[in-house]
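Every chain is numbered from 1, with letters handed out A, B, ... down the list of sequences.
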2 protein chains.
Amino acid sequence: MDRRQRRTRSMIFTAFSALLERKTYTSVTIQDIIDEADIGRSTFYAHFETKDELLKALCTDIFDHVFSEEILSEENHDFSHHSSFRDRITHILYHLQEKQQSIRGLFSGECGEIFLRYLKEYLYRVFDEHISVSGDVPHDYALDFAVSSFAETVRWWLKGHNEYKPEEISDFYFESLRI
Amino acid sequence: MDRRQRRTRSMIFTAFSALLERKTYTSVTIQDIIDEADIGRSTFYAHFETKDELLKALCTDIFDHVFSEEILSEENHDFSHHSSFRDRITHILYHLQEKQQSIRGLFSGECGEIFLRYLKEYLYRVFDEHISVSGDVPHDYALDFAVSSFAETVRWWLKGHNEYKPEEISDFYFESLRI
DNA sequence: ATAGATACCGAACAATATGTACGTTATTGA
DNA sequence: TCAATAACGTACATATTGTTCGGTATCTAT
C-alpha cells in the first residue's frame, strides 16, 4: 500500500473518531469528515464510498489487531488447547482496554450498536468451539447468547465502569453465564 | 387528539414501516416518507422534527402496548407478587409475537439496534425487582446482563427462529441464565 | 537520478434533501 | 353554525451528495 494512501486513510480515521466524540454518527456528514481531515472531496470517495463503509473499515482495523493473536492461536492447535476459554476472554478484554482511546467515540449512540455488531462477528469464531449444548437449548441459541452477552458486557465495562480490571469483568461474565 | 392528527400520524407510521422493509434506516429519507405517505412536506414536520424522533415514537407506541399490562401489574402489587418472573417474561414474548407484523421492518440493520435499545429501557423496569445479586457480581452488572441477553434473545427469535413458541424461548433463556 | 505510475488537489456540476414560511382549503369539535 | 386548527402546496435558501476532469505532487522501480 502506497505511503500516501496509508497517510490519507489514517487522517480520515482520525478525523472520523474525533468527530464521533463531539457529534452523533448520523449527524456527522461526509462533508464534516472532509473538512476535519482537510482533504479533497474526491480523495475521500477514492477511499470509501459511504460513511457506513468507513465505519466498517475502522472497526475492522481495530478488531484485526485485538483478535490477531486469537487468530494465531486458532491456527496453532497446541496453544489453543492449552489456554482456557476464560484466559482467551481475559486476553481479548486486555486488548480492548489498550485500544480504549481510539474506540471511545465509537460507543456513542447508533454507532455503538454497529461497533458491537462487528465485534460479535469476530466473537462467534472464538466462542464456537467453546460452547457446548446443555439440556434442550439449541447450540445456535447458546452460541448467540454467550456472544451477545459478552458484547454487552464489553459495552457496560467501557461505557462507565472502567474501574474494573479485565480479570474482574471476566469473573462477572462467567458468574452470570451458564456454560 | 384530533382525528386528523391521529390519521396523519398513523399514515406516517405505516409508510415508515413499509419503507423499512425495503430499504435501510439510513437510506430512508424524510422525502421518501412524505412520498410514501402522500402527505405535505410541512405536515410531516408538524408531527416530527427528525427521523430519529419518528422512530422513537413508533417504538414507544409498540412498547406501550406490549408492556401495558406489565405496567398495570406493577401498580397492582397483589398480582405482581403472585405471577412469577418467568410468567411475566413469557407474557411479554406473547405480546411481541402479536406485534410481529408491524415490527418486522424495525429489525433490519441499524434500526434493529435502536429498537432493541428502547426495548431495554422498558425491560430494566420489569427486571429490576427480580434480579438478586449472587457472589461478587455488582447488581448493576447483573441487571444489565439479564436485560441485554433477553433483548438479544428476542432479536434471535424474531429474526429467523419463529418456529419456537414463547414458552420455549422462555425456557431457553432461563436455561442459559444464572439467576 | 530518471521516468512512469498514481494519489491527491480543487474547482465545478447537477441532483437531491433539508428545514422553514405562508396563504389557502378543508375538516373538526363544541 | 362557527371558530379553531390540521393539512395542503408552493416556494425558497441552504446543505449534502456523488461525480468529473485537468493539473500537481509524490511514490516506486529501474
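Using cut-offs of 30° and 60° for the angle between ring planes, the B:Phe85 and B:His130 rings count as parallel. Note: B:His161 and B:Trp156 have parallel aromatic rings, judged against thresholds of 30 and 60 degrees for the angle between ring planes. Classification of the A:His91-A:His95 ring pair by plane angle, with boundaries at 30° and 60°, yields perpendicular.
Of the residues listed (A:Tyr118, A:Phe115, A:Tyr25), the one engaging A:Leu106 in a side-chain contact (heavy atoms from CB on, under 4.5 Å) is A:Phe115, and it is the only one.
Separating the CD1 atom of A:Ile33 from the P atom of D:dT16 is a distance of 12 Å, rounded to the nearest angstrom. Distance A:Arg9 CZ to C:dC8 P: 11 Å, rounded to the nearest Å. When the C1' atom of D:dT17 is taken as reference, atom CD1 of A:Ile34 falls 9 Å away, rounded to whole Å. Rounded to an integer number of Å, the gap from CG of B:Asp32 to P of C:dT16 is 12 Å. When rounded to the nearest whole Å, the span between OH of B:Tyr45 and C1' of C:dA21 equals 14 Å. Taking atom CD1 of B:Ile30 as the reference point, atom C1' of C:dG19 lies 9 Å away to the nearest angstrom.
Applying the 4.0 Å criterion to OP1 and OP2 of C:dA7, one finds that A:His47 has every side-chain N and O outside that range. Distances shown here put every side-chain N or O of B:Gln31 at or beyond 4.0 Å from the OP1 or OP2 atom of C:dA17.
We find the CD-CD1 distance between B:Glu36 and B:Ile33 to be 9.5 Å, quoted to the nearest 0.5 Å. One finds the CD atom of B:Glu152 at 4.0 Å from the NZ atom of A:Lys120 (value rounded to the nearest 0.5 Å).
Near DNA chain C, defined here as any heavy-atom distance below 4.0 Å, there are no residues from residues 12-24 of chain A.
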Given protein heavy atoms under 4.0 Å, the one-letter contact record of nucleotides 8-15 of chain D, with B base, S sugar-phosphate only and - none, is simply BB-B----

Per-nt protein contacts along nucleotides 22-30 of chain D (heavy atom under 4.0 Å; B base, S backbone sugar-phosphate only, - none) come out as ---BBS---

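Where A:Ala46 and B:Val28 each meet DNA chain C at their nearest nucleotide, the meeting point lying more 5' is that of A:Ala46.
Here the closest non-hydrogen pair linking A:Phe107 and A:Leu158 is CE1-CD1, 3.7 Å.
The six-membered or imidazole ring of B:Phe150 lies away from that of A:Phe145, with a centre-to-centre distance of 6.0 Å or more. In summary, the aromatic rings of B:Tyr141 and A:Tyr173 are positioned with their centroids too far apart to meet the 6.0 Å limit.
Remark: side-chain polar atoms of B:Thr153 are paired, donor with acceptor, to backbone N or O of B:Ser149 under 3.5 angstrom.
Looking at A:Ser27 and A:Thr24, their side chains do bring a donor and an acceptor atom within 3.5 Å of each other.
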